[in-house]
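Encoded as structure tokens, the structure appears first; notes follow it.
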Amino acid sequence: MSKDNTSGLIMPAERPSSLISRRNALMGGAGLLLAGCDQINASPTVKSFLSLGEKATHGAQRLVTDRNALAQEFSRAEMSPVFRQNGNQNPGTTEYNALAANNFADWTLSVDGMVAHPLRISLAQLMAAPRRTQITRHDCVEGWSAIGEWSGVPLGLILKRAGMSGNARYVVFHCADSTGGLPYYESIDMIDAFHPQTILATHMNGSLLTVGHGAPLRLRVERQLGYKQAKYVMRVEAVASLDGIHGGGGGYWEDHRGYQWFAGI
Ligand SMILES: Nc1nc2c(c(=O)[nH]1)N[C@H]1C(S)=C(S)[C@@H](COP(=O)(O)O)O[C@H]1N2
Ligand SMILES: [Mo]
């Protein structure tokens with residue numbers, strides 16, 4: 001955490017080496033053995049051994065690193081000059097308007113469901129928590145993308161603080177807005193919930209979130225498409241199943257628009 005706090009960015013150079021060391025740890029050193037042995041490549045026995053090794057490595061990487069791999073991060077110079085607002089741009093309810101009028105001083109995030117210690121966290125508490133900052137690309141299924149900087153508290157920290165049950169399988173985000181009476185909500189699995197780039201963001205591009213972009217708190221789950229990036233998050237719920245939560249599909253778009261629950265990129 002402290003590394004992220006001081007630089008605000010993950011240095012691009014860190015990523016390949018951490019991936020390589022993860023692979024080597026995984027392969028028990030076989031990765032190291034196979035690296036850079038041009039001389040012995042010629043022998044057919046060695047060749048077949050190598051291709052087996054390659055398959056094993058790729059298979060293991062697919063299993064272990066694909067879902068955990070980091071989404072690409074960008075430099076400040078690559079940030080989009082305009083990051084559009086999309087979907088609902090203001091919940092507009094009496095309750096939300098009152099919270100916004102007071103700069104969300106009375107707002108709290110509820111963390112509940114399958115947790116040992118249900119929490120109510122104020123914005124001030126979130127601001128004081130360890131945070132992570134990342135510049136990533138947002139991809140909306142409607143065909144636009146934008147690169148922006150997000151800063152917030154890792155979701156995994158909050159779930160650990162709440163003492164989430166080992167039997168919980170999904171994290172559901174309940175939002176303040178609805179469309180035609182249908183509440184916006186989204187959900188992710190535990191791999192995404194504990195992914196290092198999954199944060200509950202309070203800031204975008206160095207400033208507090210605007211109402212249009214989801215104030216005071218939104219999810220950033222960087223390996224997923226735009227519609228999973230829930231804005232106006234009011235409540236985080238740990239559950240064993242998505243059955244019985246609204247339409248049971250795990251999200252507003254999944255329930256009503258036929259979008260895939262898993263929107264991995
Ligand atoms: N609560 C809520 N979250 C939401 C939406 C929404 O309508 N309500 N729209 C989604 C979609 S489709 C996209 S592309 C992004 C847009 O985020 P932005 O307005 O910050 O660009 O938010 C997502 N999260
Ligand atoms: Mo979207």
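For clarity, every value in this text was computed on a predicted model and none was experimentally measured. Counting starts at 1 for both ligands and their atoms, in listed order.
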What do you reckon, is CZ of R120 surrounded by more than 12 foreign heavy atoms closer than 6.0 Å?
no
In terms of residue, atom name and distance, what is the protein heavy atom nearest to atom 21 (O) of ligand 1?
R84 O, 2.6 Å
Top protein contact for atom 7 (O) of ligand 1, by heavy-atom distance
N88 N, 2.8 Å
Can you report which non-hydrogen protein atom sits closest to atom 24 (N) of ligand 1, along with the distance?
Q229 O, 2.9 Å
The side-chain contact (heavy atoms from CB on, under 4.5 Å) partner of I158 among V236, V171, I121 is I121
Under 4.0 Å from a heavy atom of C140: which atoms of ligand 1 are those, numbered in the order shown and with their elements?
14 (S)
Tell me whether Y227 has any N or O atom under 3.5 angstrom from an N or O of ligand 1.
no
Determine, for R132 against E73, whether the closest basic-nitrogen to carboxylate-oxygen distance falls under 4.0 angstrom.
yes
Return the minimal non-hydrogen interatomic distance between G248 and D255, and the atom names on each side.
N-OD1, 3.6 Å
With heavy-atom distances below 4.0 Å as the criterion, list the atoms of ligand 1 near F83.
21 (O)
Starting from atom 18 (P) of ligand 1, which protein heavy atom do you reach first, and at what distance in Å?
H213 ND1, 3.6 Å
Does R218 have a heavy atom less than 4.0 Å from any atom of ligand 1?
yes
Using the ring centroid of each side chain, check whether Y184 and Y232 are separated by less than 6.0 Å.
no
N86 to ligand 1: N or O pair under 3.5 Å?
yes
Can A230 be said to touch ligand 1, with heavy atoms closer than 4.0 Å?
yes
Looking only at heavy atoms, the pair that brings V233 and W107 closest together is O-CZ2, 3.4 Å
Quick one: which ligand 1 atoms are inside 4.0 Å of a heavy atom on C175?
1 (N)
Can you name the atoms of ligand 1, numbered from 1 with element, that are less than 4.0 Å from a heavy atom of W144?
14 (S), 21 (O)
Between K228 and E254, does any side-chain N to carboxylate O distance fall below 4.0 Å?
yes
Going by the atom numbers of ligand 1, which of them fall below 4.0 Å from some non-hydrogen atom of Y232?
1 (N)
re atom 3 (N) of ligand 1, the protein heavy-atom contact at minimum distance is K231 N, 2.9 Å
Using distance alone, decide if ligand 1 has a nitrogen or oxygen within less than 3.5 Å of any nitrogen or oxygen in Q85.
no
Is R235 salt-bridged to D112, cutoff N-O under 4.0 Å?
yes
Residue and atom name of the nearest protein heavy atom (relative to atom 6 (C) of ligand 1), distance in Å to one decimal:
Y184 CE1, 3.2 Å
Answer yes if the ring centres of F104 and Y96 are under 6.0 angstrom apart, and no otherwise.
yes
In terms of heavy-atom contacts, E186 and Y227 come closest through CG-O, 3.5 Å
Give a yes/no verdict on whether any heavy atom in H138 is under 4.0 Å from an atom of ligand 1.
yes
Among protein heavy atoms, which lies nearest atom 8 (N) of ligand 1, and at what distance?
D177 OD2, 2.7 Å
Identify, for atom 13 (C) of ligand 1, the protein heavy atom at the shortest distance, and state residue, atom and that distance.
G226 O, 3.6 Å
Any non-hydrogen atom of A146 lying under 4.0 Å from ligand 1?
no
For the pair V141 and W253, evaluate side chain to side chain contact (heavy atoms under 4.5 Å, CB included) and give the outcome as yes or no after the intermediate values.
CA-CA 11 Å; V141 284; W253 294 96; over 6 Å; no
Exactly one of T202, L209, L200, L219 clears side-chain contact (heavy atoms from CB on, under 4.5 Å) with W150, and that residue is L209
Report yes or no: does Y252 have a heavy atom closer than 4.0 Å to ligand 1?
no
Okay, side chain of T198, backbone of D192: is any donor-acceptor separation there less than 3.5 Å?
yes
Can you name the atoms of ligand 1, numbered from 1 with element, that are less than 4.0 Å from a heavy atom of G212?
19 (O)
